[in-house]
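Presented below is the structure to which this report refers.
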Amino acid sequence: MSQTFALILAGGSGTRFWPLSRDAKPKQLLDLFGDTTLLNKTISRLEGLIPKENILILTNQLQLEAVREVAHELPAENIFAEPAKRDTAPAVALGVGLVAARDPQATMVILPADQLISDIENFHSVLSDAITTAQQSNSLVTIGIKPTWPCPSFGYVERGGVSPLAPSGLKNVPHEVTCFREKPAPELAAQFLEQGNFAWNAGMFIWSIATVIKELTTHNPELANFISELQNSDDINKTVAEKFDKLTPTSIDYALMEKATSVLNIEANFDWDDVGSWISVSKYLDSTESNNKTNSPLVEIDSSNNIVFTESKNTQVALLGVDDLIVVQTADSILVAHRDKADDIKKIVTKLPKELT
Ligand SMILES: Nc1nc2c(ncn2[C@@H]2O[C@H](COP(=O)(O)OP(=O)(O)O[C@H]3O[C@H](CO)[C@@H](O)[C@H](O)[C@@H]3O)[C@@H](O)[C@H]2O)c(=O)[nH]1
C-alpha cells in the first residue's frame with residue numbers, strides 16, 4: 001500500500017517580527033504565544049494523521065540547528081537544509097524527489113511551518129479527505145479559507161461546482177478550481193471578494209507523486225527535470241549540491257499552481273491564521289480595558305490600542321499618554337512603530353546592521 005508523507009516548508013525568513021525574528025530565527029521558530037514555536041505546533045498537529053517517520057522538514061543552513069532542536073522527535077535524516085535560498089518552488093521539487101526516493105507511489109501533504117490552527121479534529125478530517133481525493137482524482141488538491149478582507153498577500157482560488165472527480169462518501173467535498181491567482185493587486189482581490197466564489201489559498205497542497213510530476217512535466221520542465229535527476233541519482237546529496245542553486249527562485253504558487261491543469265479545493269472548516277504581523281499576534285495577547293495588548297505585566301494611564309511584546313515575560317511595562325504603538329523589546333533591540341506600519345517593519349530591517357538581522 002502506498003504511504004502518505006508530510007513535507008513541512010520551514011525555510012522562510014521572518015522580517016515582519018523584528019526584533020524578535022532574525023535570519024536564523026524566523027517566525028516558525030518563535031514562541032509568540034507563550035507555549036511553543038509555530039513549527040512545533042505544526043509537527044504536533046500531524047499526530048494521529050501522519051507517522052513521525054513520514055514527516056520531512058526542509059529548511060536552510062542558517063536555521064538548520066534550531067529546526068533540529070525543535071523537531072528533535074523526528075528522525076534526524078528527515079530534516080534537510082537547502083544549499084541556497086530559492087523560495088518554495090525548488091524546495092517543493094526537492095521534497096518531491098526525496099519522497100519519491102522512499103516511495104514513488106506516495107501521496108504528499110505540503111504544509112507551511114508557520115500557521116496557527118487549533119481545531120485539530122476538523123483539520124484532520126479535511127486533510128484525510130484531501131488525501132483520499134489526491135489518491136483517487138489525479139488532481140492537485142488545495143485547501144480554501146473563507147476570505148474576510150481583500151488581503152493582497154494571499155493566493156486566491158475561484159471555486160466552481162462539486163468536482164465530478166470527487167470520491168464518494170467524503171465529509172469535505174472537493175470543488176473544481178477554475179482559477180488560481182497568487183497575490184492579486186488590492187483592486188483585483190476586492191473584486192474576488194465581491195464575486196463571492198473565491199477562497200484564500202491556505203498554502204497547503206496535497207497530491208500524489210505521479211500527479212505532481214505529470215503537472216510539472218507539462219507546466220514547469222525545469223523542476224520536472226530536477227526531480228528526474230534526483231530520481232536517477234546514485235547520490236542525492238551530491239545532485240542537490242550541484243543543481244539546486246541553479247533553479248529559478250520562485251514560489252510554488254507561481255511556478256505551478258497558477259498554471260496547473262487539474263486543481264481541486266476543499267473548504268477548511270477549521271480556524272486558520274497565518275500570523276502575518278504583530279497585529280495578528282496581538283489578537284492572542286492579554287488585553288486591558290483600553291485595548292492595550294501585552295505578554296508582560298502592564299500599567300497604563302491615558303494610553304490605548306498599543307501592542308507591547310517583551311522577550312522576557314517578566315518585564316514591567318508602563319504606558320503613559322501614548323496610543324496606537326507597537327513596542328517590541330529584546331535583549332539587544334527595541335522596536336517602536338505606529339501600528340499602521342506593522343506591514344513595513346521589513347523595510348526597517350533593510351537599514352539595520354547585518355548582525356542584528
Ligand atoms: N524550505 C523552504 N521553505 C520556505 C522557503 N521560503 C518560504 N518557505 C516556507 O514556506 C511557507 C510559505 O512561504 P511564504 O513565503 O510565507 O508564503 P506566503 O507569501 O505566505 O504565501 C503562501 O501562503 C499563503 C497562506 O499563508 C497562500 O495564500 C499563498 O498562496 C502562498 O501559498 C512558510 O512556512 C515558509 O517558512 C524556502 O526557500 N525554503
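Here the structure is a predicted model, which means the values were calculated and not measured. Both counts, for ligands and for their atoms, begin at 1 and track the order of listing.
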If only side-chain N and O atoms count, and only distance matters, is there a donor-acceptor pair under 3.5 Å linking [Y] with [X]?
| X | Y | result |
| --- | --- | --- |
| N40 | R45 | no |
| T211 | S208 | yes |
| D274 | Q115 | no |

With a 4.0 Å heavy-atom cut-off (strictly under), which part of N201 contacts ligand 1: side chain, backbone, both or neither? both
Side chain, backbone, both or neither: which applies to A10 and ligand 1 if a contact is any heavy-atom pair less than 4.0 Å apart? backbone
Looking at R16 and D343, is any side-chain nitrogen of the basic one under 4.0 Å from a carboxylate oxygen of the acidic one? yes
Numbered atoms and elements of ligand 1 in range of [X], under 4.0 angstrom, heavy atoms:
| X | result |
| --- | --- |
| D274 | 26 (O) |
| K183 | 18 (P), 19 (O), 21 (O) |
| G203 | 32 (O) |
| P112 | 11 (C), 34 (O) |
| K85 | 5 (C), 6 (N), 37 (C), 38 (O) |
| D114 | 33 (C), 34 (O) |

Is the F154 to W272 ring centre distance short of 6.0 Å? yes
Around D302, counting heavy atoms of other residues, nucleotides and ligands shown, do more than 12 lie under 6.0 Å from its CG? no
[atom]: the protein heavy-atom neighbour that sits closest, reported with distance to 0.1 Å:
| atom | answer |
| --- | --- |
| atom 9 (C) of ligand 1 | L9 O, 3.5 Å |
| atom 32 (O) of ligand 1 | D253 OD1, 2.7 Å |
| atom 26 (O) of ligand 1 | Q115 NE2, 3.5 Å |

Run the side-chain donor-acceptor check on residues 189-196: report pairs under 3.5 Å with partners two or more places apart or on a different chain.
residue: Q195; atom: NE2; partner: E158; partner atom: OE2; Å: 3.4

Run through I143, L7, T4 and flag the one making a side-chain contact (heavy atoms from CB on, under 4.5 Å) with V109. T4
Counting only heavy atoms, tell me which of R86, Q28, E182, E82 gets closest to atom 30 (O) of ligand 1. E182
Test item: protein heavy atom less than 4.0 Å from atom 14 (P) of ligand 1: no
Closer than 4.0 Å: a protein non-hydrogen atom to atom 17 (O) of ligand 1: no
Keeping [X] on the side-chain end and [Y] on the backbone end, is there a donor-acceptor pair under 3.5 Å?
| X | Y | value |
| --- | --- | --- |
| R159 | A199 | no |
| S163 | L165 | yes |
| S282 | I279 | yes |
| D332 | L356 | no |

Give yes if a backbone or side-chain nitrogen or oxygen of [X] is under 3.5 Å from a nitrogen or oxygen of ligand 1, and no if not.
| X | answer |
| --- | --- |
| T88 | no |
| F205 | no |
| G11 | yes |
| F180 | no |
| A202 | no |
| G12 | yes |

